[in-house]
Each structure stands twice: as C-alpha cells, then as structure tokens.
Amino acid sequence: MLEIHNLSISFQRNRASFDRETLSVVSDISLSVQPGEIVALIGASGAGKSLVAHALLGLLPANATMSGEFIFKGKRLSPAGIQELRGREIALIPQSVTHLNPLTRVGKQVYRSARLSGRCADTAHTSCDRTFARYQLADTVKSMYPFQISRGMARRVLTATATAGNANLIIADEPTTGLDPEVSEQSLAHLKELATQGKGVVLITHDLENGVQIADTLVVLYEGMTVEITPARALEENDLIMHPYTRSLWQALPRNGFMSLPPTPSSSTLNRNGCLFAERCPQARPGCRQSAPSLRRVNHKLVRCNHVAG
Ligand SMILES: Nc1ncnc2c1ncn2[C@@H]1O[C@H](COP(=O)(O)OP(=O)(O)OP(=O)(O)O)[C@@H](O)[C@H]1O
Ligand code: NI
C-alpha cells in the first residue's frame, strides 16, 4: 500500500559566523506498509519519527529539504498528489491534542473530516455519528470545545477525526503519550481494530512495548537512521539476532527488568563516518567508529550492524 524509498531530510541552520550548515536529521529511510499491517516506527525523542510522517503528508517546515520517494497504491506521490490524498486516503492522528482546533466544536471537526473524504452531507453525518459511538464519545461531546474535554477524550476525538473518512492508511503519532495505562490500551486496541479492517497503520512511538504489543513489523530508528527492520514477534521469541540498540531498548522494558540504556552522547560528538550507535554500544569495536555499517539482510530481518552474526 505504501512504500517509502530512501527518505532523507535535512535542515538549513544559520551559524553565528553567518554561514549556513546543513543538519541531517533523517537519512535514507526505506520501509513499506501492506493493507492490514501495523508498522511501528520506534525511536527516542528526536530520532526523526514525526518528520517521516510529516514528509509523507507534505507537512514539513519550509526550512526542510527532502529527498526520496513515496509510492502509494503503486503510484509515485507528487507534492500535489500528497495534498490530494491527505485526510482522504491517508490520515494522521497527530502527536499532540493541541492539533484540535480550539475554536471549533468537536462534532464539527469530525464532521468536516468526513466531508473532506468526499462523503456527501448526509453520509458524513452518519459517519460522524458512527465514529462518535465507536469511540465512546457521548452525543453531548459534539457541542463541546476541545478545552472542555479530557486528554483521553481528546485522543479519541483525534482518532475519530482521522477515521471518520475513508482513509486506507492511518498514521498515529505517539497515540499513548500522557495517557493512563487503561486509556493507552484502548488507544492501541483502536489501531489494531483499524488494521483488522484492512487498513495500513503506521504507529509512531518511543515505547518499544507498544510496538511489540500490536505491530507486525518494527522499524527501529536511531538518530534518523534505520538500525533494524524486524517482525515484532522476533523480539518476543528472544531473537539472538538483534541490533545492539534494539537490544538495549528491549532490556530497558519493565518486563525485562528496566536495565538502563547506555548514556546518550551529545549530537555534536556523533561520528557520522562510523556507526552512529558506536559511542553507546556495549559491543562496539574500534572498527565501528571508522566505517558506517549498511543495512544488511540477516535471515528474516534487516540490521545495520557489522557484528550481528547471520
Ligand atoms: N523545524 C525544524 N528545524 C530544525 N530542526 C528540526 C525541525 N523540526 C525537527 N527538527 C529536528 O529533527 C529531529 C527529529 O525531529 P522529530 O520531530 O521527527 O523527532 P521525533 O522522533 O518525532 O521525536 P519526539 O519523540 O520527541 O516526537 C530533531 O532532532 C529535531 O530537533
Ligand atoms: Ni515526534
């Protein structure tokens, strides 16, 4: 359904010396999403997860430069094509509830997105009602403004807004952040349900547990690079072939005893000539700082590490 080929994103930054430097934040990311599949983009804060989604949706800030291509349902997406599909075929459940328009009643926002997907007024109303019921939002919520509803409810409204139309690809950016465990579970269950209906789902999260819980495929990002693409179940099966960064994330999960991650070096010390994870990697060898590993196929997965045995 969706293929991302060699996506790179950089920003121009002014330096004190009045010249400009290029800051590379996403490098050469490729991934694909099939109908009914949940692909989780996993990575720490600043890894580039949201930018991948924003690039796909044509929402990058003006100072960003992007290369690479998107193929959606077999067709290459042009910038104009992206505008055409956004909200109709591809819908974003944004990271922050502040994306709800503060001045528009909640019901109207969900209704508008149903209309945007090409539904006529009557069908849009029906779809809006159905979506409200589906996400346990009372009818009275329709006439409320975003500031009048709880955080958990606002997340459900965002989900309702993204799914009231007919989108086949749903991108959920950190759908559980700031929610209590019960509401988080519910939020993930809603995504699972969308996949069961045949929609492609991209789950963006810093929490590996979320990915392992509902995703089919994990794409692990480190400093804007893919370090591993693996079936999610491989982690549950305690796969020995794992990128050292994925392994650290896995070991840091509560169920695995909260082993702490090695400390993060500041970005300025990041050595782009070698493996980006080398400074934190428990298995790093001298060669890791000298040559950058490429993404290699090892059995059923792709791993960017020279020392993972296949
Ligand atoms: N407009 C911008 N100008 C310059 N740098 C930016 C801009 N937007 C994002 N970045 C940088 O790009 C990197 C990736 O940002 P992104 O928002 O994709 O991270 P993320 O993985 O979604 O993190 P989080 O979990 O915090 O949401 C960050 O280091 C950020 O500082
Ligand atoms: Ni983000």
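Both ligands and their constituent atoms are indexed starting at 1 by order of listing.
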Taking atom 31 (O) of ligand 1 as the reference point, report whether a protein heavy atom occurs under 4.0 Å from it.
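Within 4.0 Å of atom 31 (O) of ligand 1, no protein heavy atoms are found.
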
Among all protein heavy atoms in this structure, tell me which lies nearest to [atom], with the distance rounded to 0.1 Å.
| atom | value |
| --- | --- |
| atom 8 (N) of ligand 1 | F11 CZ, 3.6 Å |
| atom 26 (O) of ligand 1 | S45 OG, 2.6 Å |
| atom 15 (O) of ligand 1 | L51 CD1, 3.7 Å |
| atom 14 (C) of ligand 1 | G46 O, 3.4 Å |

Any salt bridge linking D180 with R151? Criterion: basic side-chain nitrogen under 4.0 Å from a carboxylate oxygen.
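No salt bridge links D180 with R151.
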
Salt-bridge present (E228, R247; N to O < 4.0 Å)
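Salt bridge between E228 and R247, a charged N being under 4.0 Å from a carboxylate O: no.
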
Does [X] approach ligand 1 within less than 4.0 angstrom via side chain, backbone, both or neither, non-hydrogen atoms only?
| X | result |
| --- | --- |
| V25 | side chain |
| E174 | side chain |
| A44 | backbone |
| N63 | side chain |

Given T161, I170, D173, the one that forms side chain to side chain contact (heavy atoms under 4.5 Å, CB included) with I93:
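It is I170; the other options fail the test.
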
Checking side chain to side chain contact (heavy atoms under 4.5 Å, CB included) between T230 and each of V219, L302, V298, L218, which is the one that passes?
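Output: one option passes, namely L218.
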
More than 12 non-hydrogen atoms from neighbouring residues, nucleotides or ligands closer than 6.0 Å to [atom1] on [X], yes or no?
| X | atom1 | value |
| --- | --- | --- |
| K192 | NZ | yes |
| R233 | CZ | no |
| E182 | CD | no |

For S50, the ligand 1 atoms whose distance to one of its heavy atoms is below 4.0 Å
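Once the distances to S50 are compared, the set is 17 (O), 18 (O), 20 (P), 22 (O), 27 (O).
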
For the Ni ion (ligand 2), check which protein N, O or S atoms are under 2.8 Å away and list them.
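Protein N/O/S atoms under 2.8 Å of the Ni ion (ligand 2): S50 OG, Q95 OE1.
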
Might you work through the side-chain contact (heavy atoms from CB on, under 4.5 Å) test for V157 and Q109, ending with a clear yes or no?
CA-CA 9 Å; V157 170; Q109 299 194 42; 5.7 Å; no

Heavy atoms, side chains only, cut-off 4.5 Å: are V106 and Q148 in contact?
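V106 vs Q148: side chains apart.
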
Would E37 and T217 count as having a side-chain donor-acceptor pair, cut-off 3.5 Å?
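Yes, a side-chain donor-acceptor pair sits under 3.5 Å.
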
Heavy-atom pair of closest approach, residues G58 and I82
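Between these two residues, the closest heavy atoms are N-CG2, 3.5 Å.
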
Of all heavy-atom pairs between E209 and L253, which one has the smallest distance, and what is that distance?
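The pair with the smallest heavy-atom distance is OE1-CD1, 3.5 Å.
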
Would you say P61 and ligand 1 have an N/O pair spaced under 3.5 Å apart?
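Not met; the criterion fails.
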
Can you tell which of K49, H54, Q95 gets a heavy atom nearest to atom 25 (O) of ligand 1?
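Shortest heavy-atom distance from atom 25 (O) of ligand 1: K49.
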
Is the closest heavy atom of G48 to ligand 1 under 4.0 Å?
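Heavy atoms of G48 do come under 4.0 Å of ligand 1.
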
